A.B. asks: 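Once you've had a glance at the structure underneath, I'll fire off some questions.
We count ligands from 1, going down the list as the structure has it; atoms in each ligand are counted the same way. All residue numbers in this chain count up from 1 along the given sequence. Bear in mind the structure is a predicted one, so any value in this text is a computation, not a measurement.
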Amino acid sequence: MSENTEALANLSHEDRRFPPPAEFAANANLTAAAYEEAATDRLGFWAKQADRLTWETRWDEVLDWSNAPFAKWFVGGRLNAAYNAVDRHVEAGAGDKVAFHWVGEPAEDARDITYAQLKDEVCQAANALVELGVRAGDRVAIYMPMIPETVVAMLACARLGAPHTVVFGGFSADALASRIEDCQAKVVITADGGYRRGAASGLKPAVDEARTKARQNGISVEKVLVVRRTGQEVAWDDAVDVWWDDLVGKQSTEHACEFFDAEHPLYVMYTSGSTGKPKGILHTTGGYLVGAAYTHWGVFDLKPETDVYWCTADVGWVTGHSYMVYGPLINQTTSVIYEGVPDAPHKGRWWEIVEKYGVTIFYTAPTAIRTFMKWGDEIPAKHDMSSLRLLGSVGEPINPEAYVWYRETIGGGRTPVVDTWWQTETGAIMISPLPGVTEAKPGSAMRAIPGIVADVVNDEGESVPDGSGGYLVIREPWPSMLRTLWGDDERFKDTYWSRWEGMYFAGDGAKKDADGDVWVLGRVDDVMNVSGHRLSTTEIESALVSHPKVAEAAVVGATDETTGQAVCAYVILRESAGFEAGSDSADLVKELRDHVAHEIGAIAKPRQIMIVPELPKTRSGKIMRRLLRDVAENREVGDVTTLADSTVMNLIAEGAKGSSED
Ligand code: PRX
């Protein structure tokens with residue numbers, strides 16, 4: 001806890017307060033009464049939220065926790081996720097309502113998709129998947145750019161009860177292969193490529209490579225369904241590859257959906273843990289959808305008739321699942337989906353989109369906010385963003401300066417900002433201000449939302465008093481909680497439930513301030529948070545060590561002004577690498593950085609690689625990352641008395657001079 005304590009001490013005194021505007025508070029979806037209602041009868045409160053969905057068969061029991069930590073929510077209930085997201089809105093007469101304003105990166109590419117069109121396309125895609133042999137329970141991997149077909153593909157899988165696993169399009173062929181293997185995906189849905197900063201970049205070649213790799217490990221992908229997006233040349237295997245247009249376009253727009261048990265798997269989302277192997281977080285249907293729909297309605301104060309909502313996350317992350325696809329669609333929202341990067345073709349692209357579509361609710365990550373701060377106020381100032389009425393932040397702690405800039409410069413000083421804390425595992429927002437209730441403090445996620453029981457505890461698992469720090473835990477089960485790790489119940493129990501009896505340990509450190517409000521401090525395990533993306537130090541270390549020139553590697557997350565944390569690696573080379581100490585390491589460092597990108601993906605590329613002769617280890621051989629972080633953050637190196645060899649740090653400081661940055 002020592003680093004955490006240090007962070008606590010450094011937490012500056014923040015006394016700015018932002019109460020909700022009176023009019024906002026008067027019309028808010030969730031009021032202060034909800035806290036009390038949920039505290040009095042938590043399960044009754046969740047049962048009420050479950051009525052946001054249409055159930056074919058109602059549940060008999062809200063929660064079965066008899067086999068904890070394996071929860072069953074809405075026991076006996078039956079429903080279909082796609083029917084809830086799409087069909088029922090069409091049946092209710094909202095077929096002409098726009099579900100998505102899709103904006104492509106090339107400026108001329110835009111398309112509005114109504115709920116009726118979405119229903120037709122999802123049915124066609126579902127029929128196509130059936131033709132490819134997909135049945136309830138089969139896993140389908142989705143490796144796509146941010147195009148409408150991606151949402152259609154997810155919903156088509158959900159409609160068939162075939163759990164999807166969406167793999168971020170920036171991940172490498174190897175990362176894709178390991179996910180395909182772990183969940184034994186039968187079909188992969190992809191595109192020829194996607195657009196990034198004006199250039200077409202291929203996706204299909206990575207799928208081909210991943211398929212070959214998976215086959216070598218005994219997993220055969222039967223079919224690959226390919227959307228034509230960029231028109232790039234692609235290699236083709238007639239026995240496996242099928243063009244989306246050829247197969248989906250000819251299908252019927254009708255598909256009678258089947259209803260599944262509330263606990264039927266909806267999707268698997270892989271995320272980094274503190275070991276090298278990514279964890280397959282399993283979300284099931286009923287509880288997950290209840291959590292996504294309730295929080296999207298309550299925390300974002302969604303008014304489906306008038307709001308235009310935009311979540312900038314990539315669909316390859318959990319935020320894209322809960323707050324771009326499932327939550328908004330279940331609530332019959334009109335949303336924006338944007339394919340590209342914020343600065344293509346110019347740095348005002350996001351604000352141009354806000355203005356054009358009259359976006360009212362906007363949800364993004366602190367790393368993006370800090371980047372815009374750096375680019376300057378004059379860029380957003382060119383656009384009329386008076387439609388915005390609520391802003392959200394997610395993915396990492398938002399520093400008070402960024403929070404206040406966001407509120408003032410993007411929100412014109414009018415908009416509440418909700419700093420939402422949650423995780424892939426939690427499925428939905430857990431700790432956040434309520435925009436019509438909470439007097440918000442910049443930098444604090446404030447309180448557990450109604451229905452959630454969170455706490456900060458000490459090493460013994462005891463609740464810490466206000467004004468102290470500790471570990472963030474959830475004390476009671478919640479509907480959108482992960483049910484297990486795909487194929488690994490033991491790891492599920494060990495990782496989240498073994499530290500303290502009956503409590504979910506989130507892996508984050510946090511502080512309760514004098515009022516009992518929560519300030520999340522970041523991970524206390526070997527997980528880094530780079531631009532709001534979770535990366536495991538061990539996973540990157542394994543990638544480095546898999547390079548023939550590397551003998552040993554240690555990776556730390558160092559504070560970075562824009563990305564929150566940045567990957568810094570210390571590498572000991574093998575003799576056979578033939579590297580002379582003190583010689584120019586630039587080529588070698590580039591080779592290693594590219595190697596990490598190839599093994600995991602560009603997001604994992606170390607910002608810095610330092611070639612060092614030794615690593616600081618305790619007498620028992622444990623690497624002292626704290627000291628490496630000191631070097632990476634250009635600090636005076638702290639206490640070295642527990643090092644087996646205390647001269648090592650001098651050698652490293654010297655070696656660090658040969659580091660490379662870009
Ligand atoms: O460390 C916390 C940080 O992101 C982690 C979860 O990452 P992931 O599963 O990738 O999900 C990201 C989107 C939900 C958490 O353990 N985190 C997320 N939101 C916040 C945050 N840290 C501080 N404040 C937040 N609002």
A.B. asks: Applying side chain to side chain contact (heavy atoms under 4.5 Å, CB included), name anything that partners P19, two or more places apart in sequence or on another chain.
C.D. replies: E439
A.B. asks: Restricting to pairs with a member in residues 288-301, which pass salt bridge (charged side-chain N to carboxylate O under 4.0 Å, His left out), not counting sequence neighbours?
C.D. replies: D301-K303, D301-R389
A.B. asks: With under 30° as parallel and over 60° as perpendicular, where do the rings of Y267 and H283 fit, or are they tilted in between?
C.D. replies: tilted
A.B. asks: Applying salt bridge (charged side-chain N to carboxylate O under 4.0 Å, His left out), which residue pairs with at least one partner in residues 442-458 are found, sequence neighbours left out?
C.D. replies: R447-D517, D455-R475, D455-K512
A.B. asks: How close do G461 and W500 get, counting heavy atoms only, and between which atoms?
C.D. replies: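 That closest heavy-atom pairing would be N-NE1, 3.2 Å.
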A.B. asks: Work out which heavy atom in A558 is nearest to a heavy atom in C568; give both atom names and the distance.
C.D. replies: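 Heavy atoms only, the tightest pair is CB-SG, 3.8 Å.
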A.B. asks: Quick one, list the residues around ligand 1 where some non-hydrogen atom comes in under 4.0 Å, by chain and residue number.
C.D. replies: T319, V394, G395, E396, P397, D419, T420, W421, W422, Q423, T424, D508, V520, R523, N529, R534
